Amino acid sequence: MEKIVEEFRSRILERKSLRLRGGGSKDFYGGPLAGAALETGGYSGIVSYEPTELVVTARCGTPLAELELALAARRQFLACEPPGFGGATVGGAVAAGLSGPRRAMAGSLRDFVLGVKIMDGEGRVLKFGGEVIKNVAGFDVSRLMTGSLGTLGLILEVSLKVMPLPVGDATLRFEMPQAQALDAMNRWAGQPLPLAAGSWQDGVLTLHLSGAQAAVASACRKLGGELLAATAATEFWQGLREQSAAFFAGDAPLWRLSVPSVAAPLELPGAQLLEWGGAQRWLRADADAAQLREIAARVGGHATLFRGGRGEQRSGGVFAPLQPALMEVHRRLKQSFDPFGVFNPGRLYPEF
Amino acid sequence: MTRREHSADSAQDFADTNYSALLVELAGLLPADSLLQVNEDVKPYECDGLSAYRQVPMAVALPETEAQVIAVIKACRAAGAPLVPRGAGTGLSAGALPHPQGVVLSLAKMKKILHVDPVARVAVVQPGVRNLAISEAAAPLGLYYAPDPSSQIACSIGGNVAENSGGVHCLKYGLTLHNVLRVRAVLITGEIVEFGNHALDAPGYDLLALTIGSEGLLAVVTEVTVKLVPKPDHAQVIIASFGDVMTAGNAVADVIAAGIIPAGLEMMDKPATAAVEPYVKAGYDLTAAAILLCESDGTAEEVAEEIGRMQAVLEKSGATKIRVSHSEAERLLFWAGRKAAFPAAGRISPDYYCMDGTIPRKRLGEMLMAIYGMEKKYGLRCINVFHAGDGNMHPLILYDANVPGELERTEAFGAEILRLSVQLGGTITGEHGVGYEKINSMCDQFCADEIRAFHAVKRAFDPEGLLNPEKAIPTLYRCAESGRMHVHGNDIPFPELERL
């Protein structure tokens, strides 16, 4: 394994643009792919897993599926449900920072990152955070790395907090229009109920309950609705997490609007699917980027061209632009960790 | 105008700043009672909750509005004067220790709760709002703000953001980081920025995560949006006694292994229970080498189910005695002893020094045995309370500052605990921050390149190093001088130390 790290270092020290690539499952995500691929798949394996410490440490190239299998064998899981998209690695999942259906209740992938080991743009191996839940020594660089799309460094190892798999589980369905579903999801989230996820599409609200058996049973009685069979429920939530559901099929651009969960139904030019209790709204439409960003910003959120889209929709960057003062901080951070601009140039913002 | 680039190598010197001109300017920017300059007024700001370190500040600015915060920052920057942001001053790492050549920027007057939204489950508050005041405002809505540092009655949310404060319920409900959606702050340039927002994420790098726990080194917080969560309608706590600390430590791991995430899981050793019991009369088992407090919360059915499972695990793990709270009054009494640990230490000793290392849970027993050895080595007593669920320990070293040499021995004792925390796979600080107090211990945990990276992060926000200088991140000069540079690889630092 040390040999692989040396190979990474010598590639980085060439100071030529590199495209960091784990499983390649998210090649579609972010700005244009630039530079020669640096494949991390070979640097794989779980370094340590201590179920009683609720923490797992894995090398970047470890397939996410392999990690999840190891956790499942000890009745634990990644509660933030990062998508696998058919072959994600642990390093790629953390670099992208994406979370699945449980995100609104369980927290985001960033919330579960406890520590990282990275190689910076000068080939130095640096460790931040660690394997303990409470740790405030130094700036929280591990979480800065999460979602930075590999622009700040090559993630070598990650320590993640894991959680016990809840025993009780149920999925309920309710027929209701979007406005009513949003109101219901927000109000229920304010009550002591074992909510795990809430999604709405085409007049149907689907609710995932997960927790102690007694709590799930009493919530089912309280909320009513139609109980979905276990296999259908698993398939439904997997369909959202992996974007294998029918909504995500086809070539129409996929937009992600991240907004406050209480934002009223948005007038958007295409089909919508709501997740995260209303805080994540997917749109299939060949829409104007500036117009969508304006709609999202008006309610206090932002819009991302998540997948697909044409040249002019993508050329200005797929993520919402930053205010100048924040862009300046971004540039300086990039300059500090990657002074020669080696890592994933343009993948997060065209500016760097 | 002075423009010095902040560097990782050596400390800065602010000697050529024109202070008299700065003070005249500040007086023009702030209301009359918002600028303190005379000794009797600034003296109360000479330390925070860690009184072992004191420094009388040159002046204290107490802005009432964000516009005044901006004006003070711009004036100090123009003059090249350092600024030390301060919340309620309850911090335990001397993070708000004044700079001898600087201005303390207190946010204590900005204490309005701006907005509580029961449907969105958020509260928008100014930085000086007390942690507990948020939960009190949200209580009529059946909601509360989860992180509950033991100083919650007094500490402010701005300070909580600066320290990424925790509390006894972190394992289940998270730290400040997990419960803050958005921070509005002023950069050293005077520009207003927002980290995070009322959605669940923001575009770009996660500067919200970087800001939380940054100890006032990156920006000055002027507004915070916190998440509110439903208040569980029921809670019960178990007290389990153990005949030795190793068995108690292993029982903690057994609870987690059983798939239980307790709402709180605390451990006290025998010296700690002996210190608090006469004071609180919580009914603790004084014959036990250690006790565990294990709490469950949720619906009544949930709690009944979980308490049953916890009890079974603890019995199997070797608990010699188990008591379950049967009323809210009894639950609060069981907790009262744990919460009184700090005042009890103050009652039995003229001074005490609270440590904050975090270690993997499975090493708890080992760490306690090592601390008992250190008590003999340094000739000082130590009582131990732990957030056992997350491995965060608070050994309280008892000393008398009036006895020559005791403070120095106490510091050496503390530093040894922190070094051992790092060696056992943990960290020098779980929730109190590095501040000024643990700055040398940072050199034990991080190597020179990592410390350089921290300084680079600092420069990205504050190139001139004016915000809270000489805190949290040591200069490499300091590490070299204290002879404590962490070595990476398989070489164990400090091979001379006994590993227990």
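Letters go in sequence order (proteins before strands), and every chain restarts at 1. When reading the values below, keep in mind they use all heavy atoms of this one structure, side chains included, and skip hydrogens, waters and symmetry mates. All figures in this text were calculated on a predicted structure; none of them were measured in a lab.
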Check whether any side-chain heavy atom of [X] lies under 4.5 Å from a side-chain heavy atom of [Y], and answer yes or no.
X        : Y        : result
B/Leu208 : A/Arg110 : yes
B/Leu210 : A/Leu333 : yes
B/Cys170 : A/Ile133 : no
B/His455 : A/Ser336 : no
A/Leu322 : B/Pro203 : yes
A/Leu326 : B/Tyr205 : no
A/His330 : B/Leu207 : yes
B/Asp254 : A/Thr52  : no

If you count heavy-atom pairs under 4.5 Å between each of [options] and chain B, which one has the most?
options                                : value
A/Glu131, A/Arg103, A/Gln191           : A/Arg103
A/His302, A/Arg331, A/Glu50, A/Gln76   : A/His302
A/Thr151, A/Val167, A/Val55            : A/Thr151
A/Val259, A/Leu152, A/Leu165, A/Asp120 : A/Leu152
A/Gly138, A/Gly130, A/Ser108           : A/Gly138
A/Ala189, A/Gly129, A/Ser148           : A/Ala189

Once the angle between the rings of B/Phe454 and A/Phe128 is folded into 0 to 90°, is it parallel (under 30°), tilted (30 to 60°) or perpendicular (over 60°)?
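Plane angle over 60°, so perpendicular.
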Nearest-0.5 Å distance, [atom1] of residue [X] to [atom2] of residue [Y]:
X        : Y        : atom1 : atom2 : value
A/Leu126 : B/Cys447 : CG    : SG    : 6.5 Å
B/Asp390 : A/Lys161 : CG    : NZ    : 9.0 Å
A/Asp111 : B/His178 : CG    : NE2   : 4.5 Å
B/Leu200 : A/Ser258 : CG    : OG    : 6.0 Å
A/Asp140 : B/Thr211 : CG    : OG1   : 10.0 Å
B/Leu171 : A/Leu54  : CG    : CG    : 6.5 Å

Just by distance, do the side chain of [X] and the backbone of [Y] share a donor-acceptor pair under 3.5 Å?
X        : Y        : answer
B/Arg121 : A/Asn186 : yes
B/Gln445 : A/Ala137 : no
A/Lys134 : B/Ser165 : no

Should the heavy atoms of other residues, nucleotides or ligands under 6.0 Å from CZ of A/Arg124 be counted, would the total exceed 12?
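Check passes, neighbour count above 12.
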Given that the side chain runs from C-beta out, which part of [X] has a heavy atom under 4.5 Å from chain A: side chain, backbone, both or neither?
X        : value
B/Leu181 : neither
B/Glu215 : side chain
B/Leu177 : both
B/Lys438 : neither
B/Leu175 : side chain
B/Glu302 : both
B/Asp449 : both
B/Thr299 : side chain
B/Glu431 : both
B/Asp201 : both
B/Ala472 : neither
B/Leu228 : neither

Measuring heavy-atom distances to chain B, does [X] have an atom under 4.5 Å in its side chain, in its backbone, in both, or in neither?
X        : value
A/Gln213 : both
A/Val136 : both
A/Ala263 : neither
A/Met163 : side chain
A/Leu348 : side chain
A/Phe139 : both
A/Arg256 : side chain
A/Val329 : both
A/Ala219 : neither

Given B/His198 and A/Val262, is the side-chain contact (heavy atoms from CB on, under 4.5 Å) satisfied, shown in steps?
CA-CA 10 Å; B/His198 286 192; A/Val262 288; over 6 Å; no
Could you walk me through whether A/Arg143 and B/Asp206 pass the salt bridge (Lys or Arg N to Asp or Glu O under 4.0 Å) check?
CA-CA 7 Å; A/Arg143 289 174 176 121; B/Asp206 198 334; over 6 Å; no
Among B/Glu191, B/Lys231, B/Arg182, which has the most heavy-atom pairs under 4.5 Å with chain A?
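Most heavy-atom pairs under 4.5 Å with chain A: B/Glu191.
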If you count heavy-atom pairs within less than 4.5 Å of chain A, which of B/Ala257, B/Gly357, B/Ala253, B/Gly213 leads?
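The answer is B/Ala253.
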So B/Lys362 and A/Glu53, salt bridge (Lys or Arg N to Asp or Glu O under 4.0 Å) or not? Walk me through it.
CA-CA 7 Å; B/Lys362 63 177 174 195; A/Glu53 297 292 327; 5.3 Å; no
Restricting to side chain to side chain donor-acceptor pair (under 3.5 Å), what partner residues turn up for A/Gln323, sequence neighbours left out?
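Per chain and number, A/Gln323 pairs via side chain to side chain donor-acceptor pair (under 3.5 Å) with no residue.
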Please find the pair of heavy atoms, one from [X] and one from [Y], that lie closest to each other, and give the distance.
X        : Y        : answer
A/Ala325 : B/Val193 : CB-CG1, 3.9 Å
B/Ala199 : A/Gly301 : CB-CA, 4.4 Å
B/Ala460 : A/Arg332 : O-NH1, 2.6 Å

Which residues pass the side-chain contact (heavy atoms from CB on, under 4.5 Å) test with A/Arg187, sequence neighbours left out?
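A/Asp183, B/Val119.
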